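Model, not experiment: these values are computed from the prediction. For the numbers below, each heavy atom of this structure counts, side chains included, while hydrogens, waters and symmetry mates do not.
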Protein chains: 2
Amino acid sequence: MRRREGDPIICTVDVVLLTLRDDSLCVLLLKRDREPFAGALALPGGYVRPDEDQDAAAAASRVLREKTGLVSPYLEQLATFSGPARDPRGWSVSVVYFALVPSSMLQADPPGVELLPVARLPRLPFDHGEIVREAVARLRAKSQYSSLPVYLCPERFTLPQLQAVYEAVLGEPINKVSFRRKMDELGMLEPIPGELEVGRAHRPAQLYRLRPEYRHALSMVDRGINARG
Amino acid sequence: MRRREGDPIICTVDVVLLTLRDDSLCVLLLKRDREPFAGALALPGGYVRPDEDQDAAAAASRVLREKTGLVSPYLEQLATFSGPARDPRGWSVSVVYFALVPSSMLQADPPGVELLPVARLPRLPFDHGEIVREAVARLRAKSQYSSLPVYLCPERFTLPQLQAVYEAVLGEPINKVSFRRKMDELGMLEPIPGELEVGRAHRPAQLYRLRPEYRHALSMVDRGINARG
DNA sequence: CGAATAGTGTCTGTTAGACATTATCGA
DNA sequence: TCGATAATGTCTAACAGACACTATTCG
């Protein structure tokens, strides 16, 4: 299985799908059904198909759909990983995307799908461990100053729920008053008229949703969601 | 020259080298000496060579060195561009890196090398126009909160020089006092003992250099170099 | 009514930016 | 001495975060 001169470069895509499960950030892994690393848990990935895919993003979207049935509302290019050693089949290039989905999209996991907390991952095949670390770092960095974590929420959510999501992602508490001020500044949320979260033994919370124009665009602030001195 | 089924994916790297010339941000372009687009100005780029390159970053570094003789002190992966139409030779994947160098490194341009201001670029072949726009956007975004622009400075520089570089990159004036406070907070600069910029008809400015530990690492602040309300 | 959490008003310490002042060179 | 710019001190307005207070539901 070693590379010989003249072998073509292996061209693949991989997807790091992140979601929140029980307040902890989890990554979607699949049990590999073929070599190399058959039986091991790894990121969903596959070959780019030039006859089928319009670009690498389309390939990533297709691979995710074929292997998990999921269509992610958010898919961003993370980075490209390459080299002779990361895949035992030979010199490879993998364009990696990261996806964010609300946990409600993962109620019925397809067979072979696992959600593992990123805080305590087993050793992963290929360079998938490093890839997941980079994806989590990117999510944390962007969450400091953007609305990215909204994609981890269901369509309708309350501000306390959204704040809990930010806190789970960033791993630190956020000041309630500042958080609400920032969300207000970002201007991407709208209250759903008359809709309140009911059934809890306290004052009901207003339900919000993303304004349509922010459905597929991020909103940024200058100084961070949780600015510190 | 059209793609046929079964053709391998074309795997290349391109480099966006940015520098400051006369206070304006410029990109390095080369006159292409072969088809496609022979004679046109384009980003330095070339095929990944699996037998030679340890990864795509090494390929980018090699391509830049072979085509311009330059070794950039800063080389960061920008993004990967792919699809059937961006290269007339067929379905291609290009891993793009961006480099920052001080203008002093570009005194004697090799033949065929051009430095053009990014503000008024001609139409570029492939998708190189879009690639340059993304590189400039990345530089501007990172300059808001990091020490990235110091790579555009020579080894020894004064704080007013560095501020002028930030202002040229960001395209807006910066408050002098705030700028110096931020540079102090970043803690990445050290005054060169006893070295002052001489020969100007005013009080001489202290010369600074990057602390060794920041030679190849960025320094970040929470709230931005030029935080605004 | 009490427990619990949502949502808001207010105060305070910190920070960024404006402005003024001093310092140090060449001409 | 003057012009020019470096470098720094000080004041103020804006902002983040702490705290307290009110609002509204269920049991």
Nucleotide [N], atom [atom2] - distance to [atom1] of [X] in whole Å:
{"X": "B:R181", "N": "D:dC11", "atom1": "CZ", "atom2": "P", "result": "14 Å"}
{"X": "B:F179", "N": "D:dA7", "atom1": "CZ", "atom2": "C1'", "result": "14 Å"}
{"X": "A:L207", "N": "D:dT25", "atom1": "CG", "atom2": "P", "result": "14 Å"}
{"X": "A:K176", "N": "D:dC21", "atom1": "NZ", "atom2": "C1'", "result": "11 Å"}
{"X": "A:M183", "N": "D:dA16", "atom1": "CE", "atom2": "C1'", "result": "14 Å"}
{"X": "B:N175", "N": "D:dA14", "atom1": "CG", "atom2": "P", "result": "15 Å"}
{"X": "B:Q206", "N": "C:dT24", "atom1": "CD", "atom2": "C1'", "result": "13 Å"}
{"X": "B:R203", "N": "C:dC25", "atom1": "CZ", "atom2": "P", "result": "8 Å"}

Is there a side-chain contact between A:K182 and the phosphate of D:dC15, meaning an N or O under 4.0 Å from OP1 or OP2?
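Indeed not, no polar side-chain atom of A:K182 lies that close.
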
Should B:R180 be listed as having a side-chain N or O under 4.0 Å from OP1 or OP2 of D:dA7?
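Affirmative; the distance criterion is met.
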
Calculate, to the nearest 0.5 Å, the distance between atoms [atom1] and [atom2] belonging to [X] and [Y] respectively.
{"X": "A:L20", "Y": "A:S104", "atom1": "CG", "atom2": "OG", "result": "11.5 Å"}
{"X": "B:L124", "Y": "B:L116", "atom1": "CG", "atom2": "CG", "result": "8.0 Å"}
{"X": "A:S94", "Y": "A:I131", "atom1": "OG", "atom2": "CD1", "result": "5.5 Å"}

Of the nucleotides [options], which has the atom closest to the [X] side chain?
{"X": "B:V177", "options": "D:dT8, D:dA16, C:dG7", "result": "D:dT8"}
{"X": "B:P160", "options": "C:dC25, D:dA7, C:dG7", "result": "D:dA7"}
{"X": "A:P204", "options": "D:dT25, C:dA6, D:dA7", "result": "D:dT25"}

Can a salt bridge be assigned to the pair A:R209 and A:E155 using a cut-off of 4.0 Å between side-chain N and carboxylate O?
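No, A:R209 and A:E155 are not salt-bridged.
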
Answer with yes or no after comparing the ring centroid distance for B:F157 and B:Y208 against a 6.0 Å cut-off, counting only values under it.
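Not under 6.0 Å, so no.
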
5′-ward residue of the pair B:E185/A:Y208 relative to DNA chain C:
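In this pair, the answer is A:Y208.
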
Which residue, A:A201 or B:Q161, contacts DNA chain D at a nucleotide closer to its 5' end, judged by nearest heavy atom?
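Mapping each residue to its closest nucleotide by heavy atoms, the 5'-most match is B:Q161.
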
Can a donor-acceptor pair under 3.5 Å be found between the side-chain atoms of B:R200 and the base atoms of D:dA4?
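Answer no: no donor N or O sits under 3.5 Å from an acceptor.
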
Answer with base, sugar-phosphate or nothing: what part of the nucleic acid does B:E197 contact at a heavy-atom distance below 4.0 Å?
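B:E197: no heavy atom of the nucleic acid under 4.0 Å.
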
